[in-house]
Amino acid sequence: MLMTIAAPKTEGGNEMTQFKFAVTETRNFEMQYQVEADTLEEAREKAETGDTTFEVELGCSGVSDRFVAQQL
């Protein structure tokens with residue numbers, strides 16, 4: 001999904017040229033996962049692959065990577 005957010009307008013005669021880019025970024029989220037498993041080892045494997053029965057998003061710690069795909 002691509003969202004376009006308008007850049008703020010500046011007042012006066014010192015306006016710089018504005019450019020828009022399509023960017024893919026990787027965001028780091030701390031999550032709490034609940035899984036169903038027979039053993040702790042199986043449960044850990046399911047958590048690592050995202051095979052969950054319930055998830056809670058605890059927060060975003062920031063962006064770890066950005067790829068500038070193209071100028072729009």
Side-chain angles (χ1 to χ4, degrees):
M1 181 170 99
L2 180 64
M3 291 179 47
T4 302
I5 300 172
K9 301 288 184 189
T10 58
E11 301 284 333
N14 295 331
E15 295 182 10
M16 297 176 71
T17 304
Q18 297 182 11
F19 300 89
K20 292 181 184 178
F21 294 92
V23 178
T24 301
E25 66 181 25
T26 303
R27 297 180 184 186
N28 299 313
F29 284 89
E30 182 179 355
M31 302 291 294
Q32 183 180 65
Y33 286 175
Q34 178 176 309
V35 302
E36 290 182 348
D38 292 325
T39 66
L40 178 59
E41 182 180 346
E42 180 187 7
R44 180 176 294 279
E45 289 174 5
K46 286 186 171 190
E48 287 176 352
T49 62
D51 184 4
T52 66
T53 58
F54 185 74
E55 299 178 10
V56 176
E57 183 180 299
L58 301 175
C60 180
S61 61
V63 176
S64 63
D65 189 41
R66 286 190 179 89
F67 173 73
V68 179
Q70 63 181 330
Q71 182 180 352
L72 302 175

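From a predicted model like this one, the values you see are computed outputs, not experimental measurements.
Summarising the geometry of F29 relative to C60, their closest heavy-atom pair is CE2-CB, 3.6 Å, with the distance given to 0.1 Å. Residue A37 comes nearest to A43 through the heavy atom pair CB-N, 3.4 Å, listed as atom of the first residue, atom of the second, then distance. Residues F19 and Q71 share a closest heavy-atom pair of CD2-NE2, 3.3 Å. In terms of heavy atoms, V35 sits closest to T52 at CG1-CA, 4.1 Å.
The environment of E36 atom CD is sparse: at most 12 non-hydrogen atoms of other residues, nucleotides or ligands sit within 6.0 angstrom. Other residues, nucleotides and ligands contribute over 12 non-hydrogen atoms within 6.0 Å of the CD atom of E25.
Cluster partners of V56 are F54, L58, counting Ile, Leu, Val, Met, Phe, Trp and Tyr whose side-chain heavy atoms approach within less than 4.5 Å, directly or via other members.
Atom CZ in R66 sits 8.0 Å away from atom CZ in R27 (nearest 0.5 Å). The NZ atom of K46 sits 12.0 Å away from atom CD of Q34, with the distance rounded to the nearest 0.5 Å. To the nearest 0.5 Å, the span separating CD on E30 from CD on E57 amounts to 10.5 Å.
Under the side chain to side chain contact (heavy atoms under 4.5 Å, CB included) criterion, S64 pairs with T26, N28, not counting sequence neighbours.
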